Amino acid sequence: MTSKPLSVTSLLAKKQNGGKITCLTAYDASFSRVLDEAGVDVILVGDSLGMVIQGQESTLPVTVDEMVYHSRCVARGKQRAFLVTDLPFMSYATPDQAARNAARLMQEGYAQMVKLEGGLKQVETVRHLVDLGVPVCGHLGLIPQSVNQLGGYRVQGRDEVSANRIIEEAKALEAAGASMLVLECVPTSLANEITSQLVIPVIGIGAGVGCDGQVLVLYDMLDISFGIRPKFSRNFMSEADDVGKAVEAYVAAVQTGSFPAKEHSFE
Ligand code: KIV
């Protein structure tokens, strides 16, 4: 696929025009090229690389140096897709530290946007980054860097109090200048409400079909991840001859709304 490189504004326009944004993770140049050629809009260099590349039990051990390295590899493989790279655990504990590390992800890793986890606690940091010219993607719901506080990888926002807190946090991140939001493992009805209340694109993972776009960990949808494939993922390799075809099937399924189905979503 050859067309104009995507940007913050073209992703926003996609939401405004009712189009679905497709996103997958990648960690190297070869997969980045496959995703780019299959028409994936956003490539996320997620700190999930700690689990799927490094074989760690969580994302917590991942360092800024490692994120920079993988982001730079992915940047070399793509032409059209928009590149988002995660700030890893403890790399944005203060606004100044966040700025220093976001600068590394952008200047050395060629990221076009950085993603960070958390809500109200991150508002000041998001505002600081945006003031400095750094596009920011928020991440709410199940936030894997806080797995030890959450007590495991669990669906979030199931009761009224926590659902209202996530809505409030989503609005606060948008007001602070975030340009995109990832919502992970929340009930479909909550994701729908947030998606309709925000102007910025909301990308879901285990958040139902109503979001403005979908993201999956590449190795989950290729069915080569360690352990059990999460409920919210689907094996796109099972009916494909090669990886490129599996990714094309994912792009088509997200665009037509056939993925995620009910069985990949939470109530
Ligand atoms: O690290 C990652 O891959 C992510 C996605 C699961 C959204 O944050």
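Remember, it's 1-based here, ligands and their atoms both numbered in the order they're listed. Treat the numbers as computed from the prediction; the structure is a model and nothing was measured. Along the sequence shown, residues carry numbers from 1.
In this structure, the side chain of T25 does not engage the main chain of L44 through any donor-acceptor pair within 3.5 Å.
Residues D220 and S225 bring a donor and an acceptor atom of their side chains to less than 3.5 Å of each other. No hydrogens or angles considered: a donor-acceptor pair under 3.5 Å links the side chains of S48 and Y27.
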Nitrogen or oxygen contacts under 3.5 Å, ligand 1 side and protein side:
residue, atom, partner, partner atom, Å
ligand 1, 1 (O), D47, N, 3.2
ligand 1, 1 (O), D47, OD1, 3.0
ligand 1, 1 (O), S48, N, 3.0
ligand 1, 1 (O), S48, OG, 3.4
ligand 1, 1 (O), D86, OD2, 3.2
ligand 1, 3 (O), S48, OG, 2.5
ligand 1, 8 (O), K115, NZ, 2.8

Review point. Given L142 and Y153, is the side-chain contact (heavy atoms from CB on, under 4.5 Å) satisfied, shown in steps?
Key: CA-CA 7 Å; L142 171 53; Y153 297 99; 4.1 Å; yes
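Nearest heavy atom pair, residue V136 against residue L129, reads CG2-CB, 3.7 Å.
Residues D41 and K20 are not paired through a salt bridge, judged by the lack of any N-O separation under 4.0 Å between the basic side chain and the carboxylate.
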